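For clarity, every value in this text was computed on a predicted model and none was experimentally measured.
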Amino acid sequence: MFVGNLTPLIVILGICGITADAGFAELRVSLLQNAMLVAGIVTLIQVVTIGPVGAKLPIVMGTSSGFIGVMSSIANSMGGGVLAYGAILGAGFIGGFFEVLLGSFLKPLRKYFPPVVTGTVVMSIGLSLLSVGINSFGGGNKNADFGSLENLFVATVVLVIILVLKHATKGFTSVSSILIGIICGYVLVAIMGAVLPHTFTYTNAAGETVEATKSWVLNWTAVQNASWFAIPKLMPVKWVFDVRAILPLMIMFIVTSVETVGDISGITEGGLGREATDRELSGGVMCDGIGSSFAALFGVLPNTSFSQNVGLVALNKVVNLFCIGIGGCFLILCGLFPKLSALLSIMPQSVLGGAAVMMFASIIVSGIQLITKEPMTARSVSIVAVSLGVGYALGATSGILAHLPYLVQLIFGESGIVSACVISIILNIVIPQDAEMKNV
């Protein structure tokens with residue numbers, strides 16, 4: 001969850017021009033530290049619950065990557081800078097309370113989210129993460145040594161260790177196969193770093209020969225330079241309230257509510273073997289909203305349920321809330337003790353990818369299990385097929401919407417999850433139920 005929690009923040013800060021080279025090094029460190037703290041606190045709220053807020057399910061919360069497309073558009077339209085980032089935070093604070101309102105009225109809307117719809121959303125979430133997993137498997141497609149034999153070797157070893165422990169052992173080693181696999185990955189790259197060269201040369205786009213460090217090499221300097229303890233700063237960036245940021249984010253909060261419904265359904269189906277209750281769905285969505293508004297106080301982007309965790313729960317079947325609570329405490333510690341954060345931040349992409357490809361694909365399986373809870377009919381096949389074939393593909397091939405209004409591109413062109421969700425809901429309403437299902 002560490003890499004996934006920080007990546008959206010790093011991306012948006014870069015788009016806004018809030019970089020170390022531009023004199024914002026201290027602000028960046030503060031925001032990244034706050035991101036871990038907020039994720040831990042909101043995870044505990046989701047697990048323990050406060051009144052109606054929280055699903056009391058094994059859900060890990062974190063900075064949402066689903067907002068990246070909309071936020072990048074906002075940043076570009078406002079000219080970037082701290083001003084644009086402040087507008088994103090102001091919109092996130094308002095949008096969070098809007099999502100709380102949506103969560104409180106979720107029960108009467110539940111009929112629009114039967115298993116065929118939530119299962120389709122869960123499947124689209126898994127599909128959207130496959131490219132992320134395989135990119136990590138190859139060492140990160142932004143690295144010059146992407147797909148190198150060394151990266152593929154590391155990722156494959158991690159994956160094989162996870163599979164062997166998962167299916168050839170019992171008890172702790174089986175349940176903790178992913179954690180042990182990642183630790184073994186750290187050990188492997190440390191050994192490789194002691195016997196293999198750390199650098200390589202390649203030809204860049206300008207035709208120049210450049211020397212670079214291999215992506216699997218552990219950067220211990222980052223751990224050495226990190227401080228032992230730091231107090232998180234409240235409101236490190238001044239908020240700005242701008243309608244250009246508020247309206248697009250309000251739409252995305254509706255979308256992320258549906259994604260959260262899919263995540264919760266995937267967790268209850270994959271980990272507990274049942275459908276989610278109205279209370280769990282409502283509390284989970286409200287926690288998303290409270291968490292997003294709380295995150296804005298610390299200069300952090302909206303927090304939502306992490307789809308990656310759906311795959312993890314489906315894979316290891318660990319649904320013990322105490323375990324997830326300990327995970328939330330660990331995230332808080334990462335926010336208070338930068339050295340611990342730095343130790344996790346140096347994880348090579350190939351080590352992460354060895355575990356990610358299996359976890360992300362497990363989300364698709366959870367979606368299939370949701371869809372097939374009821375007998376498959378011509379109606380359900382049509383809903384799933386059109387939602388994925390047209391809906392998900394629209395978001396995955398955003399250029400197809402280039403001639404449509406900007407608002408349409410903003411909503412449907414950035415995420416296949418959104419398109420698949422909207423189309424599945426519409427088809428579920430307009431296609432008549434099969435006669436045999438009406439009598440059930």
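With a 4.5 Å cut-off on side-chain heavy atoms, Ile324 and Ile59 do not count as touching. Two residues are said to be in side-chain contact when any heavy atoms from C-beta on lie closer than 4.5 Å; Val154 and Met192 meet this criterion. The shortest side-chain heavy-atom distance between Leu32 and Ile10 falls under the 4.5 Å cut-off. Proximity of Leu9 to Leu31: side-chain heavy atoms (C-beta onward) are separated by under 4.5 Å at one or more points. Side chains of Pro302 and Met71 form a contact here, defined as non-hydrogen atoms less than 4.5 Å apart. A 4.5 Å side-chain heavy-atom check between Ser350 and Phe153 finds every atom pair outside the cut-off. Side-chain contact between Leu281 and Ser265 is present, with heavy atoms from C-beta onward closer than 4.5 Å.
Residue Phe322 qualifies as open at atom CZ: its count of foreign heavy atoms under 6.0 Å is 12 or below. Crowding of Leu149 atom CG: a count of heavy atoms from other residues, nucleotides or ligands under 6.0 Å not exceeding 12.
Residue pairs meeting the ring-ring contact (aromatic ring centres under 6.0 Å, His included) criterion with at least one member in residues 78-98, sequence neighbours excluded, are Phe93-Phe97, Phe93-Trp239. Each ring-ring contact (aromatic ring centres under 6.0 Å, His included) pair with one or both residues in residues 197-226, not counting sequence neighbours, appears once here: Phe200-Tyr202.
A donor-acceptor pair under 3.5 Å links the side-chain atoms of Asn34 to the main chain of Lys233, judged by distance alone. The backbone N or O of Asp145 lies less than 3.5 Å from no partner atom in the side chain of Asn143, so there is not a single donor-acceptor pair. A donor-acceptor pair under 3.5 Å links the side-chain atoms of Ser177 to the main chain of Ser174, judged by distance alone. The backbone N or O of Thr169 sits nowhere less than 3.5 Å from a side-chain atom of Thr173 that would complete a donor-acceptor pair. Side chain of Ser293 to main chain of Ile290: no donor-acceptor pair is present (N/O by atom type, distance under 3.5 Å, no hydrogens or angles). With hydrogens and angles disregarded, no donor-acceptor distance shorter than 3.5 Å links the side chain of Ser282 to the backbone of Asp278. Although no hydrogens or angles enter the test, the distance criterion places no donor-acceptor pair under 3.5 Å between the side chain of Glu99 and the main chain of Ile254. At distances below 3.5 Å, at least one donor-acceptor pair connects side-chain atoms of Tyr392 with backbone N or O atoms of Leu127. Looking only at distances, no side-chain donor or acceptor of Ser380 sits under 3.5 Å from a matching main-chain atom of Met376. The backbone N or O of Ser64 sits nowhere less than 3.5 Å from a side-chain atom of Thr304 that would complete a donor-acceptor pair.
The heavy-atom pair separating Ser215 from Pro348 by the smallest distance is O-CB, 3.9 Å. Considering all non-hydrogen atoms of both residues, Gly354 and Val357 come closest at O-CG2, 3.8 Å. Looking at every heavy atom in both residues, Val47 comes nearest to Leu57 through CG2-O, 3.8 Å. The nearest pair of heavy atoms linking Gln46 to Thr49 is O-CG2, 4.1 Å. The shortest heavy-atom contact between Ala155 and Phe137 is CB-O, 3.3 Å. Nearest heavy-atom pair across Ala356 and Gly133 is CB-CA, 4.1 Å.
From Ile12, atom CD1 reaches atom CD1 of Ile74 across 8.5 Å, with rounding to the nearest 0.5 Å. Between Leu301 atom CG and Phe67 atom CZ the span is 9.5 Å, to the nearest 0.5 Å. Summarising the geometry, atom OG belonging to Ser30 is positioned 11.5 Å from atom CD1 belonging to Ile231; distances are rounded to the nearest 0.5 Å. Note: Leu196 CG to Ile191 CD1 = 11.0 Å, rounded to the nearest 0.5 Å.
Residues Thr260 and Asp288 bring a donor and an acceptor atom of their side chains to less than 3.5 Å of each other. In the model, Thr201 has no side-chain atom that pairs as donor or acceptor with a side-chain atom of Glu211 under 3.5 Å.
Contacts of Lys56 classified as salt bridge (charged side-chain N to carboxylate O under 4.0 Å, His left out), with partners at least two apart in sequence or in another chain: none.
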